[in-house]
Amino acid sequence: MKSMKKIATVLASLCLAFVMVVTLTACGGGKEFDSIQEYIDAQKEQIDEAIKANEGSGMTMEVKADGDTLIYRYVYETEMPVGEETTSYFDNNIDNFKAQFEAVINEMKELIDVKDPKVKLVYENPDGTVIYEHTIE
C-alpha cells in the first residue's frame, strides 16, 4: 500500500497546484478568447509559475489544449502501479476536487468561444503508460 499512500500525497499536492492554476486563470479580466489554446497562451507565465511551484512533488505537470478540452497532464517521476486498485483509488477521490474542475469549466464558458468545454486529467508513468484519466464535462 506504499504506492497508494504516494498516490494520495501526490494527488493532494497536485490538486493544490491545480487550484493555483484555476485561481490564476481568473486573471483574464473578462476578455474573450477564440480557443482554449489562446486562453492558455494568454496565461503562460502564470501557468509556468504554477508548474515550477510543483517541482519536487514527484511529478511534472503540463497544461495544454485539445480542441474543446483543457488537459492537465501529470507524469510521475517513479513508476506507479497500473490497474484496478489505482483506478478505483482515483475514482473514489476525484469527487473531492469536482468543484474546482467545475469552476474551471464555468470560467471557460464565460471567457472562451467554445460551446461545451471540458477538463481532462491524465496521470502517466515516466514511460508514458497512462495510470488514470478522467474527463469532466
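Being a predicted model, the structure only gives us computed values, none of them experimental.
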Name each donor-acceptor pair under 3.5 Å that joins a side chain in residues 114-122 to protein atoms two or more places apart or in another chain, with its distance.
from: K118; atom 1: NZ; to: D68; atom 2: OD2; distance (Å): 2.8
from: K118; atom 1: NZ; to: D116; atom 2: O; distance (Å): 3.2

State, yes or no, whether a side-chain contact exists between [X] and [Y] at a heavy-atom distance under 4.5 Å.
| X | Y | answer |
| --- | --- | --- |
| E79 | P126 | yes |
| R73 | K64 | yes |
| I40 | F33 | no |
| N125 | I131 | yes |

Would you give the length of the straight line joining atom [atom1] of [X] to atom [atom2] of [Y], rounded to the nearest 0.5 angstrom?
| X | Y | atom1 | atom2 | answer |
| --- | --- | --- | --- | --- |
| Y72 | F101 | OH | CZ | 8.5 Å |
| L70 | I105 | CG | CD1 | 9.0 Å |
| M108 | D113 | CE | CG | 13.0 Å |
| E133 | T87 | CD | OG1 | 10.0 Å |
| E38 | I112 | CD | CD1 | 9.0 Å |
| Y74 | M59 | OH | CE | 8.0 Å |

If hydrophobic clusters are built from ILVMFWY residues whose side chains come within less than 4.5 Å, do [X] and [Y] share one?
| X | Y | answer |
| --- | --- | --- |
| V104 | I51 | yes |
| Y132 | I136 | yes |
| I71 | V63 | no |

Angle between ring planes, Y123 versus Y76, binned at 30° and 60°: parallel, tilted or perpendicular? tilted
With sequence neighbours excluded, what pairs up with D48 under the salt bridge (charged side-chain N to carboxylate O under 4.0 Å, His left out) test? K44
Pair [X]-[Y], side-chain donor/acceptor within less than 3.5 Å:
| X | Y | value |
| --- | --- | --- |
| E84 | Y89 | no |
| D41 | Q37 | yes |
| Y39 | D34 | no |

